[in-house]
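These notes are about the structure you will find just below.
The figures that follow rest on heavy atoms only: side chains count, while hydrogens, waters and symmetry mates do not. Residue numbers start at 1 and run along the sequence shown.
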Amino acid sequence: MAEFKPANTGSSIDMKGYLHKWTNYFKGYQKRWFVLSNGVLSYYRNHSEMSHTCRGSIRLQGAIIHADESCTFALSNSGSNTFHLKAANEAERQKWITAIELAKSKVIRQQDLEDEEEYDNNAGDSSDNKNIDEMIKSLTSKFNGVQTCTELLTRHYTALTKAIADTEPTISTASEKPQEVTAKIKALNERSALFRLTSGAVLRAATDYLHLVEKDGKRWLKQMTYEHEQRGRLQQMVEQLARQHSSLEQAAKFRVSKLPNSSTGTSAHSDDDEGEFYDAQDENEFVVQVPLIGHRRSSSGISFTSLASEGRGAGVENEGESSSDNEEGDTTISVIARRNKSPIAAAEDVAVSNGTVAPVTSSSAMPAAKKRQRRTRIPDKPYKPLNLWSIMRNCIGKELTKIPMPVNFSEPLSMLQRLVEDYEYSEILDKAAMASDSCEQLAYVAAFTVSSYATTSNRTAKPFNPLLGETYELDRTDDLGWKCISEQVSHHPPVVAQHCESKNWICHQEFSMTSSFKGKYLQVKPLGMTHLTFLSSGNHYTWRKVTTNVNNIILGKLWVDHHGDMEIVNHKTGEKCVLQFIPSEPFSPSKQRKVTGAVMNAKGEVVWVLNGTWDNKMEASKVAEKRSQVKGKQVLETEAPVVVWQRRWPPLEAEKYYNFSEFACQLNELEEGVAPTDSRLRPDQRLMEEGLPVPQYEPIWFKKEMDTSMYPIDDSVYHLYKGKYWECKEKQNWSVCPDIF
């Protein structure tokens, strides 16, 4: 007879007793002593061997129980180890199965707790947080024990009810079939014993859970009160800092606005400037690095260094010993850029930095009176805690499109809408269309390509995956002078086709990507080419996007970085620009989100130098034709740098609504007359924007239930057929079916 000990008693042995184990076809089933302890089922020839010889064992974690006949069952672990066992009777077999299931669930819970504890240790939580985590783990463990026992109790109750129902008809025929009545009564007694045993386990587990709740309830309430007070104090500090930051920003803008008047007719390095900037030479130093390219891309690199000098022009210094450096090695070119801007350029840059420069619209724009009034923000996002570790730890090495993400990990925009954000700074293209010099135009195009990455500096949420055939249109001809249409043209792999046009230029692209989860970061490699054509000059430009990394997926705050080389080619003239997105170094402020580049003519000569960051602004310095000698080395003088792109930062409160800019808030605004496949009409995306829960799909022909059969394989929940499908087909009544196509 087996001896059963509930797992809650603290004993190291959950159950022990004799079972018959299948050995081979010659010996058949042989009697062996089995011990269930610490999630491992071991067996011996007899109980006296327990101290020195173990004949075999199987771990219950990941093991599967197969119930065959009335007294036999099998226990296998991934197919590598299988025990075929036979009990003395059905009640004995059911006791062993119950004990094994309880031990298996205990092992799984313990493994989950160890994983969470290891994760918490790596995260370096404070002692108070650890106490809270321990309380949560204890409550979770006890609750899972109650839940497991309750499920077993429900199962035995169903079996007992069935046994009673089978016994009642045989009572009336007791005199005719006494053996059948005896067998039914015996089965009923066995079911009753199992139900009584499981009821006791449920009662003990519930009592332990209640005692734990009563014990830690006061400490839990005290800790929550303390955390609430701390949160209130931190919120007050953040609001105070925000007000101070706003005041300092306004004061700085007012002071900068005075610079054009004070610099008119004077040198940039006057006495007043020296009193204002304590170390002007250090402030003006910057490094520009691009691959050295003649008529093709090579693996070598160029380093541009801009050094401030008083009253001097800029120079390009070639330290390469021969032209072979274009093919092998690195060539360093030093650039010394003037910082004394003309009053017109300086005034323009100040206005752009203040966000007062209106977008340059094409001549096709409609009169101002017919402009549509658009919204400036969306509803605040609801707070929903998200355990990224539980989502990501099983997704290492998988494609992004194959990782199931919860909806609160997304933002209420489709990928189609997110791609249209590339044109938020379309005024750069309008200004490029008016440039008479093709190299200057290429510098503006390069700045436009960088501007599309600006919003990723503070937006890490994932856009909604478009459905196959989903479209999105955005008509901004009334204020921005362009209109755009996008369509999801392929699902595997996902491909988006996009076309945007204005009176001065046409841009189209086919966007796809490959992605993989590397454990610490998510890497996205865009595919496809972008084409831009200016209608007046016929200049046709192409480029590809650079690689994106989403860092701190598991631990820490999410942050996005872009790295790699981008080559922009003018296929009409042969001119090209090479931009280098330098990988950010967390402990090097000077190398945060840095972008450098150079515009080269068809001969491979550098005519423009670009420098800046992809989250703030880009400057372009034109190389002058005059040549001179600086310290005995050949240089090319450059003109003062000009800001070719300046970001319009969202307000401080944008953090409440996904860090959307004003342009992003207008992307999902409802409009009349759009196609029925437009992204604005997606109900899940609309509900998320409005802060409402997305309703769960209710199956029509199936229902989710526990497997309550007499011999269930495991404790999984199954979708069981509930009937009526074939009746509806016969009547051709499909009114209950939703419209899914």
Side-chain angles (χ1 to χ4, degrees), residues 62 64-70 73-74 76 79 94 97 101 104-105 147-148 150-169 191 390-391 394-395 398-399 401-410 412 414-415 464-471 487-494 675-688 690 692-741:
I64 300 176
I65 303 175
H66 301 277
D68 300 330
E69 300 176 358
S70 59
F73 64 100
S76 62
Q94 196 61 38
I97 292 178
E101 288 178 341
K104 176 184 176 182
S105 63
Q147 190 175 22
T148 301
T150 304
E151 293 172 356
L152 291 174
L153 181 63
T154 303
R155 186 181 303 170
H156 292 319
Y157 172 77
T158 303
L160 178 61
T161 304
K162 183 178 180 182
I164 294 175
D166 294 341
T167 305
E168 289 178 353
R191 298 297 181 186
S390 63
I391 300 171
N394 295 324
C395 299
K398 291 184 178 180
E399 281 282 336
T401 55
K402 298 180 181 179
I403 297 178
M405 292 290 185
V407 67
N408 55 330
F409 190 70
S410 303
S414 171
M415 189 63 185
F464 277 67
N465 292 329
L467 304 176
L468 182 62
E470 181 178 335
T471 61
E487 181 182 3
Q488 184 79 3
V489 297
S490 175
H491 192 59
H492 289 294
T677 55
D678 196 90
S679 300
R680 299 177 181 89
L681 305 180
R682 287 187 58 163
D684 53 351
Q685 187 172 302
R686 180 64 53 187
L687 289 172
M688 183 180 184
E690 297 174 354
L692 302 175
V694 179
Q696 298 294 326
Y697 174 73
E698 291 294 336
I700 299 175
W701 314 110
F702 294 83
K703 59 182 178 180
K704 185 184 294 186
E705 289 184 352
M706 290 287 298
D707 187 2
T708 57
S709 60
M710 183 175 297
Y711 306 116
I713 297 178
D714 52 33
D715 296 333
S716 301
V717 177
Y718 295 93
H719 282 87
L720 303 178
Y721 176 61
K722 61 182 182 181
K724 297 184 179 180
Y725 176 85
W726 303 111
E727 291 82 353
C728 290
K729 180 182 179 181
E730 183 178 356
K731 299 177 182 179
Q732 285 297 298
N733 180 15
W734 306 112
S735 58
V736 296
C737 297
D739 185 10
I740 63 173
F741 300 113

The side chain to side chain donor-acceptor pair (under 3.5 Å) partners of Glu727 (sequence neighbours excluded) come to none
Sorted by chain and number, sequence neighbours left out, side chain to side chain donor-acceptor pair (under 3.5 Å) with Ser490 holds for none
Residues at least two apart in sequence or cross-chain that pass side chain to side chain contact (heavy atoms under 4.5 Å, CB included) with Lys703, listed by chain then number, are Glu705, Lys722
Given side-chain contact (heavy atoms from CB on, under 4.5 Å), test Glu101 with Ile65 step by step and report yes or no. CA-CA 8 Å; Glu101 288 178 341; Ile65 303 175; 3.8 Å; yes
Contacts of Glu470 meeting salt bridge (Lys or Arg N to Asp or Glu O under 4.0 Å) (sequence neighbours excluded), chain-then-number -> Arg682
Separation between CG (Asn465) and OG (Ser410), nearest 0.5 Å, reads 7.5 Å
Side chain to side chain contact (heavy atoms under 4.5 Å, CB included) filter on Leu468, not counting sequence neighbours, yields His491
Residues passing the side chain to side chain contact (heavy atoms under 4.5 Å, CB included) test with His719, sequence neighbours excluded, are Pro699, Phe702, Lys704
Residue set satisfying side chain to side chain donor-acceptor pair (under 3.5 Å) with Gln488, at least two apart, ordered chain then number -> none
With sequence neighbours left out, the residues meeting side chain to side chain contact (heavy atoms under 4.5 Å, CB included) with Lys731 are Asn733
> Side chain of Arg686, backbone of Leu681: donor and acceptor closer than 3.5 Å?
Replying inline: no
Review point. Are Phe464 and Ser679 side-chain neighbours, meaning at least one heavy-atom pair lies under 4.5 Å?
Key: no
Gln685 meets the side chain to side chain donor-acceptor pair (under 3.5 Å) criterion, sequence neighbours left out, with Gln417, Asn668
Sorted by chain and number, sequence neighbours left out, salt bridge (Lys or Arg N to Asp or Glu O under 4.0 Å) with Lys724 holds for none
Is the shortest heavy-atom distance from the side chain of Pro738 to the side chain of Ile700 under 4.5 Å?
yes
By ring pair (Phe, Tyr, Trp, His ring centres under 6.0 Å), Trp734 pairs with (sequence neighbours left out) Tyr725
